[in-house]
Undergrad: 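Sending over a structure as structure tokens; questions will come in a sec.
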Amino acid sequence: MLTLSPNATIAEQGKQSLLRAALKLFAENGIDAVSLRMINREAGHKNHSALHYHFGSKMGLLESLAEFIQSWFEESRESALVAVETSDTVDGKKILEAFVTPYLNILKEEWGYDAVRFIARMEFDADSDTHHILNKFAGPSIERFKKLLVKTYPELPKKLLFQRFNFCITSIIMGLADYKSLKDSYMGNLNTRPEDLVTVMLDVCSHGLGAPCS
């Protein structure tokens, strides 16, 4: 959908230009700060009804973007997640690696960095309706991760375990959404490749995930 076939119709090209424009603007400015007029202008559409025709509303547009990106994640993650689910030896690091795999993969796409930043915006900047959209499409895979966590750490209370995992995944999402700013970090120039940053994240998060209760 965001990488269009050369045989796409004019209508499909128009829809894609709106999606790409919306993704870029949401990633850069946040959900609330972007209007439909801004998206139309960024996409180069003179017809202001085009966005309403394709998506109905701003929430419809958000849902289309979230559905596409989360479906992309699910497809990219599936083999890694199945491998963990069927392995005889599972630990927190392997579970987190399965989660983060599609984030590294999507960053290789032309629109991938905007996609990661868009998901981060939906996580941290948006209202409950937007969170509902995100949870709707991410929910099925998160349930699979929850089962893996309970199986791997039966000694930990579920709520605590899920709090720790939530902290890990939100930290990973935010870290990757902001990785291009690491050259200006509080600690100085920490600029690095996403792959190297993820290695650091996995080392830190996997130790904390299964730590004994204090």
Side-chain angles (χ1 to χ4, degrees), residues 1-81 99-144 169-170 172-181 194:
M1 183 169 67
L2 297 181
T3 305
L4 201 63
S5 164
N7 299 319
T9 65
I10 292 176
E12 289 169 337
Q13 292 175 24
K15 183 177 181 179
Q16 191 227 27
S17 68
L18 288 167
L19 287 167
R20 292 288 291 271
L23 185 64
K24 177 177 181 290
L25 290 173
F26 287 141
E28 292 177 350
N29 303 291
I31 307 298
D32 291 340
V34 176
S35 67
L36 299 186
R37 184 175 295 275
M38 290 169 63
I39 295 169
N40 270 307
R41 184 168 60 245
E42 177 72 22
H45 281 239
K46 295 180 180 179
N47 179 5
H48 295 306
S49 65
L51 202 150
H52 287 283
Y53 171 76
H54 287 296
F55 307 105
S57 64
K58 183 176 179 179
M59 292 304 292
L61 175 58
L62 284 172
E63 185 157 350
S64 291
L65 281 171
E67 181 179 17
F68 172 76
I69 293 169
Q70 290 296 336
S71 296
W72 198 101
F73 281 168
E74 302 308 321
E75 184 176 346
S76 178
R77 176 185 288 130
E78 185 62 17
S79 60
L81 185 51
F99 175 82
V100 79
T101 292
Y103 283 86
L104 287 176
N105 289 340
I106 208 168
L107 285 172
K108 299 172 185 176
E109 300 287 338
E110 177 189 354
W111 43 268
Y113 187 52
D114 283 340
V116 173
R117 295 174 74 198
F118 169 70
I119 293 298
R121 293 286 193 181
M122 292 192 79
E123 279 279 3
F124 301 110
D125 295 350
D127 58 21
S128 59
D129 289 337
T130 307
H131 279 138
H132 175 74
I133 290 173
L134 188 60
N135 294 338
K136 173 178 151 183
F137 297 113
S141 68
I142 292 300
E143 288 302 315
R144 294 167 69 183
I169 64 178
T170 53
I172 288 170
I173 292 170
M174 181 55 76
L176 288 176
D178 195 48
Y179 88 91
K180 290 189 177 182
S181 300

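We use all heavy atoms of the structure for the numbers below, so side chains are in, but hydrogens, waters and symmetry mates are not. This is a predicted model, so every value here is computed, not measured.
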Undergrad: Rounded to the nearest 0.5 Å, what separation is found between the OG1 atom of T101 and the CD atom of E78?
TA: 12.0 Å
Undergrad: Checking Q70 now: which residues fulfil side-chain contact (heavy atoms from CB on, under 4.5 Å) with it, not counting sequence neighbours?
TA: F73, E74, I119, L134, F137, A138
Undergrad: Is any side-chain heavy atom of L61 less than 4.5 Å from a side-chain heavy atom of L18?
TA: no
Undergrad: Could you state the interatomic distance from OG (S64) to NZ (K15), rounded to the nearest 0.5 Å?
TA: 6.0 Å
Undergrad: How far does CD of E28 sit from CZ of R117, to the nearest 0.5 angstrom?
TA: 6.0 Å
Undergrad: Quick one: list whatever passes side-chain contact (heavy atoms from CB on, under 4.5 Å) with S57, sequence neighbours left out.
TA: M59
Undergrad: Looking only at heavy atoms, what is the nearest atom pair of A21 and I39, with distance?
TA: CB-O, 3.8 Å
Undergrad: Which residues pass the side-chain contact (heavy atoms from CB on, under 4.5 Å) test with S71, not counting sequence neighbours?
TA: E67
Undergrad: Can you name the side-chain hydrogen bond (donor to acceptor under 3.5 Å, both in side chains) partners of D129, sequence neighbours left out?
TA: none
Undergrad: Not counting sequence neighbours, which residues clear side-chain hydrogen bond (donor to acceptor under 3.5 Å, both in side chains) with S79? List them please.
TA: none
Undergrad: Tell me if the NE2 atom of H132 is crowded by more than 12 foreign heavy atoms within 6.0 Å.
TA: no
Undergrad: Quick check: closest heavy atoms across I133 and A66, and the distance to 0.1 Å?
TA: CG2-CB, 3.8 Å
Undergrad: For R121, give me all partners under side-chain contact (heavy atoms from CB on, under 4.5 Å), at least two apart in sequence or on another chain.
TA: I31, D125
Undergrad: Flag the pair I69 / I106 as yes when at least one side-chain heavy-atom distance between them is below 4.5 Å, and no otherwise.
TA: yes
Undergrad: Does the side chain of L19 reach to within under 4.5 Å of the side chain of F68, using non-hydrogen atoms?
TA: no
Undergrad: Quick one: list whatever passes salt bridge (charged side-chain N to carboxylate O under 4.0 Å, His left out) with E75, sequence neighbours left out.
TA: none
Undergrad: Check side-chain hydrogen bond (donor to acceptor under 3.5 Å, both in side chains) between N105 and all other residues, then give those that pass, not counting sequence neighbours.
TA: S76
Undergrad: Between A33 and M38, what is the shortest heavy-atom contact and its length?
TA: O-SD, 3.5 Å
Undergrad: Rounded to the nearest 0.5 Å, how far does CG of L65 lie from CZ of F26?
TA: 7.0 Å
Undergrad: Could you work out, with salt bridge (charged side-chain N to carboxylate O under 4.0 Å, His left out) as the rule, every residue matching K58, not counting sequence neighbours?
TA: none
Undergrad: Side chains of R37 and R41: does their closest heavy-atom pair fall under 4.5 Å?
TA: yes
Undergrad: If you measure from CG on L25 to CZ on R20, what distance do you get to the nearest 0.5 Å?
TA: 12.5 Å
Undergrad: As an exercise, state the distance from CG of N40 to OG of S17, rounded to the nearest 0.5 Å.
TA: 9.0 Å
Undergrad: The criterion is side-chain hydrogen bond (donor to acceptor under 3.5 Å, both in side chains); which residues satisfy it with N135, sequence neighbours excluded?
TA: none
Undergrad: For K136, check salt bridge (charged side-chain N to carboxylate O under 4.0 Å, His left out) against everything at least two apart and list the hits.
TA: E63
Undergrad: Return the set of residues passing ring pair (Phe, Tyr, Trp, His ring centres under 6.0 Å) with Y179 (not counting sequence neighbours), or none when no residue passes.
TA: Y113
